There are 2 protein chains.
Amino acid sequence: MVGTHRNLRELLEPVRIREIGDAALRVVSRKGLERTTMQEIADEAGLAKGTLYLYFDSRDELVLHVAESAFEELQVAVAEALARDVAFPERLAAAVLTHVEFFERRRDFFRLFLSVAHPGPGVERSARHSRSCNPLYRAYLDRLASFFAQGQAREEIRPFPPDRLALFVSEGIAGLILRRLGETDPPPVEEDVRLVVDTLTGGINARRNP
Amino acid sequence: MVGTHRNLRELLEPVRIREIGDAALRVVSRKGLERTTMQEIADEAGLAKGTLYLYFDSRDELVLHVAESAFEELQVAVAEALARDVAFPERLAAAVLTHVEFFERRRDFFRLFLSVAHPGPGVERSARHSRSCNPLYRAYLDRLASFFAQGQAREEIRPFPPDRLALFVSEGIAGLILRRLGETDPPPVEEDVRLVVDTLTGGINARRNP
DNA sequence: CATTTCTCTGACCGTTCGGTCAGCGGAGAG
DNA sequence: CTCTCCGCTGACCGAACGGTCAGAGAAATG
């Protein structure tokens, strides 16, 4: 019967895609994006290399798919924190906390996040690795920038270029997270979050009147 | 005469090492560290690939040598700014300015700086690319951290963990520089420097009484 | 049972890269 | 002019990677 075949394929394909994607994420988190090979993803997924090409046209397409999924997850989490209708410093704190906690939960995604955020070469494109996922990081930064712009419109924060500010903050946080992931026993999340939030809200100068 | 031969070799070796190192830096700045090949460095230096191996044992050793030279140059520049005996915010501003200007002058080094700063893989070592240059970035961060620690001893800045603060600031600045290098017409250096310095000294909150 | 129709496999291919080495060619010595 | 020395060359090698494809093998069909 033909219907059975259709059902099997339609049921199997999403499962395989998810299996392969999850395996890819695990391998990337261990080895970094550049050193992740199709063979290793296949081994991790318990499949043969050729099978990967039944569900993805190329390595780049696979990476792009995984990156898109993970970025969307991050977007949703941070957007939720930014959307709460509370005072500005609280929203900022919530966003930073969400950000750090997200990568604490999804350690496997952070390496991919970094690889996507920092485009490999400068001018010369045409890599064998996906360059096309940059827009994902751009979109992520834009959301943060518009948050700052919104605060500036309400005259709650100083008129720095919002995109520059977003970049500075985002990269600073990413640096802390990267360090955390390398530490066997990182300090509590709240400590790093407080550093960022306090610095941003009040600077690093000692309080004259505590 | 034997002396002539000795002189030639002793004179030639440092020159070749410098030529090859400079060529490597140029190629890395164009293509990124991962995509820089020995063949391309050789072409850039006007030599054959085999010649590189007369002066360096391996690709990793070449990269390490170039990274060490460049990091030392950066260290000297920033240390100089940090050493001035002026008030704290001024020293900070000078350091940030020096940092940004250094990479504005030495664009060719920044890509290598990034590759060295962010260790490729997480746990698994044994890459074909040099992992041994991480200490260079660590040393760089330590200097910045001790600057903050010094300020804390004088109770001029708040008691955040100095190494964390250094990391946050350093990565934030690096993000801004990376953006600048990608822009065809970046804003003046002073603008980005002011963003960082003002944020660090006073936070991003709008001044209540300007 | 044979036949058809799937998914899945892993040996294989072309390419790229780090690294090697037999030998070239010019400069100096006799 | 010949011989020796030596910095330099680039063809070559093996390893590793992304990607392919003929066919194995299970499952459904008759």
Side-chain angles (χ1 to χ4, degrees), chain A residues 1-20 23-24 27-28 31-66 120-121 124 126-132, chain B residues 1-20 23-24 27-28 31-66 120-121 124 126-132:
Chain A
M1 184 190 176
V2 181
T4 309
H5 294 162
R6 279 234 183 90
N7 276 339
L8 180 59
R9 183 172 195 106
E10 284 170 5
L11 287 175
L12 190 55
E13 186 162 325
V15 171
R16 284 277 183 261
I17 287 181
R18 169 169 286 272
E19 284 175 352
I20 295 170
V27 176
V28 170
K31 317 265 286 194
L33 179 58
E34 307 276 329
R35 272 200 265 290
T36 292
T37 68
M38 294 299 271
Q39 185 60 59
E40 231 167 333
I41 295 173
D43 292 347
E44 180 79 23
L47 296 170
K49 189 170 65 166
T51 309
L52 305 192
Y53 289 92
L54 297 177
Y55 299 96
F56 297 94
D57 285 344
S58 67
R59 197 192 110 111
D60 281 8
E61 201 201 287
L62 200 168
V63 170
L64 183 60
H65 171 263
V66 173
E124 307 194 19
S126 85
R128 74 172 196 236
H129 289 302
S130 90
R131 300 278 140 246
S132 46
Chain B
M1 186 186 177
V2 181
T4 309
H5 296 161
R6 279 235 182 90
N7 276 337
L8 179 59
R9 182 170 198 112
E10 283 169 7
L11 287 175
L12 191 54
E13 186 163 327
V15 170
R16 284 279 182 260
I17 287 181
R18 170 169 284 274
E19 283 175 352
I20 295 171
V27 176
V28 170
K31 317 264 287 194
L33 179 59
E34 308 276 329
R35 271 205 272 287
T36 293
T37 67
M38 293 298 270
Q39 185 60 62
E40 231 167 332
I41 296 173
D43 292 346
E44 180 78 24
L47 296 169
K49 189 170 63 165
T51 308
L52 305 192
Y53 289 90
L54 297 177
Y55 298 97
F56 297 95
D57 284 344
S58 68
R59 196 193 111 114
D60 280 9
E61 202 202 287
L62 200 169
V63 171
L64 182 61
H65 172 262
V66 172
E124 310 194 19
S126 85
R128 74 170 194 238
H129 288 304
S130 90
R131 299 280 141 243
S132 46

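Reminder, nothing fancy here: chain letters follow the sequence lines and each chain counts from 1. Since the structure is predicted, the reported quantities are computational estimates derived from the model, not experimental observations.
Nearest to the side chain of A:K49, among D:dT20, D:dC12, D:dT9, sits D:dT20. Listed nucleotides: C:dT20, D:dT9, C:dT9. Nearest to the side chain of B:L47: D:dT9. Considering only side-chain atoms of A:S58, the nucleotide from C:dT9, D:dT9, D:dG19 that sits closest is D:dG19. Listed candidates were D:dC17, D:dC8, D:dA11. Nearest to the side chain of A:T37 is D:dC17. Comparing C:dC17, D:dC8, D:dG18 by their closest approach to the side chain of A:Y53 singles out D:dG18. For B:L12, the listed nucleotide lying nearest its side chain is D:dC8; candidates were C:dG18, C:dC8, D:dC8. For A:R59, taking side-chain heavy atoms from C-beta onward, the closest of the listed nucleotides C:dC8, D:dG18, D:dC8 is D:dG18.
Separating the CG atom in B:D43 from the NZ atom in B:K49 is a distance of 10.0 Å, to the nearest 0.5 Å.
For B:D60 and C:dC17, the CG to P distance is 16 Å, given to the nearest whole Å. Atoms CD (A:E40) and C1' (D:dG18) sit 14 Å apart, rounded to a whole Å. In this entry the distance linking CD of B:Q39 with P of D:dT9 reads 11 Å, nearest Å. With rounding to whole Å, B:I17 atom CD1 is found 14 Å from D:dG7 atom C1'. Taking atom CD on B:E13 and atom P on D:dC8, their separation rounds to 10 Å, with Å as the unit. We find that CG of B:L54 is positioned 9 Å from P of D:dT9, with the value rounded to whole Å. When the P atom of C:dC17 is taken as reference, atom CD1 of B:I41 falls 12 Å away, rounded to whole Å. A straight line from CD1 of B:I20 to P of D:dG7 spans 13 Å, rounded to a whole angstrom.
Look at A:R35 and you won't find any side-chain N or O under 4.0 angstrom from OP1 or OP2 of D:dA16.
No side-chain heavy atom of A:L54 sits under 4.5 Å from any side-chain heavy atom of A:R16. B:I17 is listed as a side-chain neighbour of B:F56, based on a closest heavy-atom distance under 4.5 Å.
Residues A:A48 and A:A42 share a closest heavy-atom pair of C-CB, 3.7 Å. Minimum interatomic distance between B:A45 and B:I20 (heavy atoms only, all atoms of both residues): CB-CA, 4.5 Å.
Among the atoms of the strands shown, only primed sugar atoms or phosphate atoms (P, OP1, OP2) are found under 4.0 Å from some heavy atom of B:Y55.
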